[in-house]
Amino acid sequence: MGYLGGFLVSLRQIGRKQRVTTQYPKEKAPKPARVHGRHVLNRYEDGMEKCIGCELCAGVCPAKCIYVRGADNEPDAPVSPGERYGYIYEINYLRCIHCDLCVEACPTEAITESKMFEFSFTNRADAIYTKAELVVDDEGLPQKLPWEDWRPGEDTQTSAWMRATSPSGAANFEGIVGWSGELGYGIRAPEAAQDVKDAITAKHDDHGHDDHGHDDHGHDDDSHDGGH
Ligand code: SF4
Ligand code: SF4
């Protein structure tokens with residue numbers, strides 16, 4: 001790039017809205033909805049824990065940083081619905097790479113990630129989060145540990161896109177997204193692209209395309225018929 005070319009680059013910036021540096025960490029910039037931060041273990045609206053101790057999260061974790069042991073629920077004092085619950089649950093944050101595979105593997109939406117990644121430790125024991133530290137409190141909010149930097153409002157962002165679930169085994173619900181309720185929130189509103197109507201429309205789009213081989217215009221028309 002010659003002298004004139006470089007000068008044109010500067011000229012093009014005149015009048016454009018410039019980015020302003022955020023004074024981090026004093027001031028945090030808003031985080032995207034898909035940021036993966038510190039995990040939480042969720043509970044149902046009645047306070048029961050969602051974890052059933054199945055160990056799928058531990059099995060899928062590429063960093064081998066989850067340790068789970070399940071135990072049978074006491075019939076008179078169950079911790080979770082069903083037979084089993086997570087008796088021991090630990091995540092080693094010296095190894096976690098925040099890939100979210102544990103979240104995707106979980107059949108009950110028990111484990112999700114908050115958006116808070118500002119946490120640092122001064123010893124190894126603090127880096128290994130126990131179940132007592134991971135499970136949400138009685139308001140359904142993450143517990144605030146001394147070495148974590150939570151700001152107002154951040155603790156409500158704990159599950160985002162993984163709240164969708166599939167009602168177990170009922171054929172009438174095929175292709176329909178269900179929403180798992182949470183302690184303190186109930187059933188949160190889906191994100192814009194996760195509306196149930198959108199899910200049904202997408203399903204009809206797929207079928208129209210696969211079954212009839214319609215071009216783009218053809219299956220667009222089908223989807224409108226089926227989705228409304
Ligand atoms: S986010 Fe990834 S690395 Fe971290 S605990 Fe889950 S599966 Fe393991
Ligand atoms: S967090 Fe989910 S995947 Fe992991 S043991 Fe509990 S129920 Fe199973």
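Whatever order the structure lists them in is the order used to number ligands and atoms, beginning at 1. Reckoned from all heavy atoms, side chains included, excluding hydrogens, waters and symmetry mates.
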Quick one: which ligand 2 atoms are inside 4.0 Å of a heavy atom on Cys54?
3 (S), 5 (S), 7 (S), 8 (Fe)

Does the Lys131 side chain pair with the main chain of Gly86, one donor and one acceptor, at a distance under 3.5 Å?
yes

Any donor-acceptor pair under 3.5 Å from Ser114 side chain to Arg38 backbone:
yes

Counting from 1 in the order shown, the ligand 2 atoms closer than 4.0 Å to a non-hydrogen atom of Glu55 are 5 (S), 8 (Fe)

May I ask you to test the Glu113-Asp100 pair for a side-chain heavy-atom distance under 4.5 Å?
yes

Whether Phe119 and Tyr93 hold their rings parallel, tilted or perpendicular, with breakpoints at 30° and 60°:
perpendicular

If hydrophobic clusters are built from ILVMFWY residues whose side chains come within less than 4.5 Å, do Ile88 and Val79 share one?
yes

Fit a plane to each ring of Trp147 and Tyr129, take the angle between them on a 0 to 90° scale, and name the class: parallel (under 30°), tilted (30 to 60°) or perpendicular (over 60°).
perpendicular

If we ignore hydrogens and angles and just use 3.5 Å, is the side chain of Asp155 paired with the main-chain N or O of Pro142 as donor and acceptor?
no

Any atoms of ligand 1 less than 4.0 Å from a non-hydrogen atom of Glu113? List them with their elements.
1 (S)

Measuring only between side-chain heavy atoms, which start at C-beta, is Lys28 closer than 4.5 Å to Asp149?
yes

Pull out every atom of ligand 2 sitting under 4.0 Å from any heavy atom of Cys57, numbered as shown with elements.
1 (S), 3 (S), 4 (Fe), 5 (S)

Just by distance, do the side chain of Asn73 and the backbone of Ser80 share a donor-acceptor pair under 3.5 Å?
yes

Does Cys102 reach the side chain of Cys61, with side-chain heavy atoms less than 4.5 Å apart?
no

Give the numbers and elements of all ligand 2 atoms closer than 4.0 Å to a heavy atom of Gly53.
5 (S), 6 (Fe)

Judged by atom type as modelled, is there a donor-acceptor pair below 3.5 Å linking the side chain of Arg43 to the main-chain atoms of Val136?
yes

Applying a heavy-atom cut-off of 4.0 Å, say which part of Ala105 lies close to ligand 2: side chain, backbone, both or neither.
neither

Pro107 heavy atoms, cut-off 4.0 Å: which ligand 2 atoms fall inside?
3 (S)

List ligand 2 atoms under 4.0 Å from Thr108, heavy atoms only on the residue side.
7 (S)

May I ask you to identify the nearest protein heavy atom to atom 6 (Fe) of ligand 2, giving residue, atom name and distance to one decimal place in Å?
Cys51 SG, 2.4 Å

Close side-chain approach of Ile111 to Tyr89, heavy-atom, < 4.5 Å
yes

Is His36 in contact with ligand 1, taking contact as a heavy-atom separation below 4.0 Å?
no

Ligand 2 to Cys106, heavy atom cutoff 4.0 Å, flagged ligand atoms 1 (S), 2 (Fe), 3 (S), 7 (S)

Which is it for Ile52 and ligand 2 at heavy atoms under 4.0 Å: side chain, backbone, both or neither?
both

Atoms of the protein (N/O/S only) found under 2.8 Å from atom 4 (Fe) of ligand 1
Cys96 SG

